[in-house]
> 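Before I ask anything, let me first share the structure, which is written out below as structure tokens.
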Amino acid sequence: MNAKTLFMNGEFIPAERGVISVRTHGFAYGTGCFEGIRGYWNEENQQVYLFRLREHYERLLRSCKILNIKLPYSIDQLIDITVELVRQNEQHQDVYLRPVAYKGSEVIGVRLHGLRDDYIVTSEPMGNYVDIGGLRCGVSSWRRIDDNAMPARAKIIGSYVNAAFAKEEALQNNFDEAIMLTHEGRVSEGSAENIFLVINGELVTPAATENILLGVTRDTVIKLAQREFGIVTRERPVNRTELYTADEIFLCGTGAQIAPVISVDNRPVNDGNVGPISSKLQELYFDIVRGRKPEYAEWCTPVYAGVPQHL
Ligand SMILES: Cc1ncc(COP(=O)(O)O)c(C=O)c1O
């Protein structure tokens with residue numbers, strides 16, 4: 001964490017001033033939501049491209065709605081704040097942005113109403129979050145939080161304890177990443193990634209009703225597979241043992257990017273090598289996010305061009 005500036009409640013301020021009280025509701029009870037957004041440095045163009053900003057902020061506002069948080073910004077303003085933050089930090093590298101909307105009141109008592117809503121954004125340098133050369137995964141004994149307990153479709157701060165339990169267990173069992181099941185025992189997602197299987201030349205991924213976070217990368221994969229390779233995606237319930245028999249598996253997310261899985265519960269996926277569909281999707285994804293595919297320019301917001309219009 002070495003960025004010099006962050007955005008907090010309407011102002012760009014020195015990072016060391018970005019502090020909250022120990023009494024903050026969002027800290028004490030996890031009552032907040034966030035986004036994780038990547039910016040990719042393109043050396044040739046001397047540019048940072050922020051990937052699918054609009055879709056991230058649309059999801060942030062959906063999370064806010066679920067949590068009864070009201071932000072005083074339009075999506076265009078949220079986008080401009082983000083671009084301006086990277087600019088003010090003079091970042092010429094890959095970055096990870098974390099906008100957080102949370103209950104900022106300093107009160108005791110669990111509830112969502114009658115509390116002040118605060119908003120911060122940080123931008124930090126970041127490389128790969130997980131190995132993108134082939135992950136060994138284990139099915140977690142921790143079940144994914146249920147929509148009626150803590151909705152996974154909202155990116156709620158407190159819900160990441162569920163992810164942390166799964167990730168910790170996976171690492172302690174010498175896996176690289178966890179795959180979580182729903183309470184009904186169907187495949188849900190990774191600790192912080194959506195999951196895709198390749199079965200008979202089609203993509204299969206757990207449906208929106210399987211307690212997943214509806215990932216921006218998941219949506220990107222579905223669109224790219226169809227548009228670029230004519231591969232359809234089936235969004236449906238997925239059984240655990242389909243993980244053992246799939247032709248290919250990969251995880252995807254802003255952090256994980258596209259990360260092929262080479263084994264699940266110590267059973268090799270296919271022959272244990274990264275499969276052709278995972279490889280070509282990964283290659284295309286990296287070209288697009290670095291702004292090397294003009295036909296996907298609408299997904300890539302350049303930081304060092306023009307002046308923000310909505311601040
Ligand atoms: C639990 C969870 N599922 C899925 C994802 C993937 O979502 P996205 O592609 O929007 O980053 C993430 C994270 O970023 C996540 O935390």
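Just so it is clear, the values below take in all heavy atoms, side chains as well, and ignore hydrogens, waters and symmetry mates. Every number for a ligand or one of its atoms is a count from 1 in the order of the listing. We're numbering straight along the sequence, starting at 1.
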> Do Tyr304 and His92 make the cut of ring centroids closer than 6.0 angstrom?
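Judged by ring-centre distance (under 6.0 Å), Tyr304 and His92 do meet the cut-off.
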> Does Val216, backbone or side chain, put an N or O under 3.5 Å from an N or O of ligand 1?
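It does: an N or O of Val216 is found under 3.5 Å from an N or O of ligand 1.
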> Can you list the ligand 1 atoms lying under 4.0 Å from a non-hydrogen atom of Tyr160?
1 (C), 2 (C), 15 (C), 16 (O)
> Give the contacting part of Arg59 toward ligand 1: side chain, backbone, both or neither, where contact means a heavy-atom distance below 4.0 Å.
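It is the side chain that touches ligand 1; the backbone stays farther off.
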> Test side-chain contact (heavy atoms from CB on, under 4.5 Å) on Glu35 and Arg59 and set out the steps.
CA-CA 8 Å; Glu35 275 302 314; Arg59 186 172 64 192; 2.8 Å; yes
> Within the supplied structure, the quantity of interest is the number of heavy atoms (other residues, nucleotides, ligands) at a distance under 6.0 Å from Glu283 CD; does it exceed 12?
no
> Could you check whether atom CZ of Arg23 has more than 12 heavy atoms from other residues, nucleotides or ligands sitting under 6.0 Å from it?
no
> Can you tell me if Trp142 has over 12 outside heavy atoms packed within less than 6.0 Å of its CH2?
no
> Glu35: heavy atom below 4.0 Å from ligand 1, yes or no?
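Distance cut 4.0 Å: Glu35 fails for ligand 1.
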> In the protein, what heavy atom is nearest to atom 7 (O) of ligand 1, and what distance, to one decimal place, separates them?
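Result: Gly215 CA, 3.4 Å.
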> Exactly one of Gln257, Arg290, Arg292, Gln93 should register a side-chain hydrogen bond (donor to acceptor under 3.5 Å, both in side chains) with Tyr40. Which one does?
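Going through the options one by one, the only one that passes is Gln257.
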> Please report which non-hydrogen protein atom sits nearest to atom 9 (O) of ligand 1, along with the residue it belongs to and the distance in Å to one decimal place.
Thr217 OG1, 2.6 Å
> Are any of the N/O atoms in Glu189 less than 3.5 Å from those in ligand 1?
yes
> Determine whether Ile13 and Thr5 make a side-chain contact, defined as any pair of heavy atoms from C-beta on separated by less than 4.5 Å.
no
> Look at atom 11 (O) of ligand 1 and say which protein heavy atom is nearest, naming residue and atom and giving the distance to 0.1 Å.
Thr254 OG1, 2.6 Å
> Does even one non-hydrogen atom of Lys155 get within less than 4.0 Å of ligand 1?
yes
> Which atoms of ligand 1 sit under 4.0 Å from any heavy atom of Ser191?
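Answer, ordered by atom number: 1 (C).
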> Measuring from atom 5 (C) of ligand 1, which candidate in Gly190, Gly253, Ala192 has the nearest non-hydrogen atom?
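Of the listed residues, Ala192 has the closest heavy atom.
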> Could you see which bit of Arg144 sits under 4.0 Å from ligand 1, with heavy atoms only: side chain, backbone, both or neither?
side chain
> What about Tyr73 and Tyr57, are their ring centers closer than 6.0 Å?
no
